[in-house]
**Q** 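Questions regarding the structure given below will be posed in turn.
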Amino acid sequence: MSRHDSPKLPLGQQPRPDFPRFGLTPYATRFPSRPNDPAVTIKVLSADPIWIDDALADLPRTAQTADFHCVTTWSHLGLQWSGVRFADFFRERVAPLIPASTNVVGVVFRAQDGYKTALLLEDLMAQDVLLANELNGQPLTVAHGAPLRLVAPQHYGYKSLKHVEQIEFYPDVPIIKRGIRGFLDHPRARVALEERGQWLPGWLLRRVYRRFIPKTVAQFRAALEEHERKQT
Ligand SMILES: Nc1nc2c(c(=O)[nH]1)N[C@H]1C(S)=C(S)[C@@H](COP(=O)(O)O)O[C@H]1N2
Ligand SMILES: [Mo]
């Protein structure tokens, strides 16, 4: 075991005492347009989008503690999330809209800051995948995904999309093609299998990504401070 590994953590991850606001650097200066509005639109196959005023309304709430693993190798342990299971949202709000002859396979999430990601429906139906609106007993902040974020603890952090705005359901696996992430995105990104990216091995991505952590954290923090200054 190298000094970078910890027995508690998945392969290649290192613990971080804080939980920084983080992401691809172009998103450091992008913020949700409606951080207090829990409305989402859903698009099922080729039908017109459907507007839901409050994505979590009338669904059973659940809470869980989970570790968070960013693909760049930092992990923050023991976050307490609460919200609604994605599986419950899907069964109650989406499944009734799907024609019996069609199978939904891929799901694309779009965020209020322009970020997007895709997951397999199969992975989203896991019991620990949430649409969360609370973190550690408090409403989600802008830093961590207000008004609503996906939490998929078995997948790298880039799948846990913040500021959810639209959820789209497809009969096949959508490919996210956008800049470097299009190249390095993995359709599943399972932490246990170290699926960091599609084409390059985990051990290589680990070394490259690790170097960018301090600069990225600083950039995201400075942008948030600037944003908050402008709000007041
Ligand atoms: N909307 C949105 N969601 C996002 C991102 C982002 O920039 N915008 N970054 C992703 C990445 S790479 C990570 S590691 C986590 C970071 O979550 P945090 O900022 O709450 O720590 O959010 C993910 N979801
Ligand atoms: Mo990340």
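Order of listing sets the numbers, starting from 1, for every ligand and every atom in it. Every heavy atom of this structure was used, including side-chain atoms; hydrogens, water molecules and symmetry mates were not.
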**Q** Is the ring pair F68/W74 parallel, tilted or perpendicular, if the boundaries are 30 and 60 degrees?
**A**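 The rings of F68 and W74 lie parallel, inter-plane angle below 30°.
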**Q** For P32, is the nearest heavy atom under 4.0 Å from an atom of ligand 1?
**A**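 No; P32 lies far enough from ligand 1 that no heavy-atom distance drops under 4.0 Å.
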**Q** Which of the numbered atoms in ligand 1 are below 4.0 angstrom from a heavy atom of L161?
**A**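 In order of numbering, the contacting atoms are 3 (N), 24 (N).
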**Q** Okay, side chain of K43, backbone of D48: is any donor-acceptor separation there less than 3.5 Å?
**A**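 Between the backbone of D48 and the side chain of K43 there is no qualifying donor-acceptor contact (under 3.5 Å).
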**Q** Which is it for F220 and ligand 1 at heavy atoms under 4.0 Å: side chain, backbone, both or neither?
**A**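 The answer is neither; F220 stays 4.0 Å or more away.
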**Q** Considering only heavy atoms of P20, which atoms of ligand 1 have at least one such atom less than 4.0 Å away?
**A**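 Listed by number with element: 18 (P), 19 (O), 21 (O).
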**Q** Taking distance alone, with no angle check, do R21 and ligand 1 share an N/O pair under 3.5 Å?
**A**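 By distance alone, the answer is no.
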**Q** Should the pair F22 and F220 be assigned to parallel (<30°), tilted (30 to 60°) or perpendicular (>60°) ring geometry?
**A**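 Taking F220 first and then F22, their aromatic rings lie parallel (interplane angle under 30°).
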**Q** Can you label the angle between the F31 ring and the H227 ring as parallel, tilted or perpendicular, going by 30° and 60°?
**A**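 Rings of F31 and H227: parallel, as their planes differ by under 30°.
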**Q** Hey, which atoms in ligand 1 end up nearer than 4.0 Å to a heavy atom of S160?
**A**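 Close to S160: 22 (O), 23 (C), 24 (N).
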**Q** Under 30°, 30 to 60°, or over 60°: which ring-plane class applies to F86 and F89, parallel, tilted or perpendicular?
**A**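 Taking F89 first and then F86, their aromatic rings sit tilted (interplane angle of 30° to 60°).
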**Q** Counting heavy atoms only, name the option from F22, Y27, F31 that's nearest to atom 9 (N) of ligand 1.
**A**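 Selected option, by shortest heavy-atom distance: F22.
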**Q** Could you tell me whether some N/O pair between Y115 and ligand 1 is separated by less than 3.5 angstrom?
**A**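 Among all N and O atoms of Y115, none is under 3.5 Å from an N or O of ligand 1.
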**Q** Under a 3.5 Å cutoff, is there a donor and acceptor pairing between the side chains of D128 and Q64?
**A**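 Q64 and D128 do not have a side-chain donor-acceptor pair below 3.5 Å.
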**Q** Between H163 and ligand 1, which part of the residue brings a heavy atom under 4.0 Å of the ligand: side chain, backbone, both or neither?
**A**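 Under 4.0 Å from ligand 1, H163 contributes side-chain atoms alone.
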**Q** Check the surroundings of atom CG in D18: do more than 12 heavy atoms from other residues, nucleotides or ligands lie under 6.0 Å from it?
**A**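 Yes, CG of D18 has more than 12 neighbouring heavy atoms, counting only those of other groups under 6.0 Å.
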**Q** Going by the order shown, which atoms of ligand 1 are within less than 4.0 Å of some heavy atom of Y158?
**A**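 Close to Y158: 10 (C), 11 (C), 12 (S).
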**Q** Within a reach of under 6.0 Å around CZ of R211, are more than 12 heavy atoms found that belong to other residues, nucleotides or ligands?
**A**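 Open.
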**Q** Would you say K162 and ligand 1 have an N/O pair spaced under 3.5 Å apart?
**A**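 Indeed, backbone or side chain, K162 has an N or O that close.
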**Q** Please tell me if the side chains of Y115 and Y158 come closer than 4.5 Å, counting only heavy atoms from C-beta onward.
**A**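 Yes, at least one pair of side-chain atoms sits under 4.5 Å.
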**Q** Does an N or O from A111, backbone or side chain, lie closer than 3.5 Å to an N or O of ligand 1?
**A**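 Between A111 and ligand 1 (N or O atoms, distance only) the closest approach is not under 3.5 Å.
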**Q** For R149, is the nearest heavy atom under 4.0 Å from an atom of ligand 1?
**A**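 It does; at least one heavy atom falls under 4.0 Å.
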**Q** Once you restrict to heavy atoms under 4.0 Å, what part of F68 touches ligand 1? Side chain, backbone, both or neither.
**A**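 It is the side chain that touches ligand 1; the backbone stays farther off.
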**Q** What atoms of ligand 1 come closer than 4.0 angstrom to any heavy atom of C70?
**A**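 This gives 14 (S) as the contact atoms.
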**Q** Can you hop from V104 to V40 via hydrophobic side chains spaced under 4.5 Å?
**A**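 Yes, because V104 and V40 connect within a single hydrophobic cluster, where side-chain heavy atoms sit under 4.5 Å apart.
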**Q** I need the contact type for R30 against ligand 1. Using non-hydrogen atoms and a strict under-4.0 Å cut-off, is it side chain, backbone, both or neither?
**A**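 Contact part for R30 vs ligand 1: neither.
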**Q** Does CZ belonging to R34 count more than 12 external heavy atoms closer than 6.0 Å?
**A**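 Counting other residues, nucleotides and ligands, CZ of R34 exceeds 12 neighbours.
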**Q** Would one find an N or O of D113, backbone or side chain, under 3.5 Å from an N or O of ligand 1?
**A**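 Yes, since at least one N or O of D113 sits under 3.5 Å from an N or O of ligand 1.
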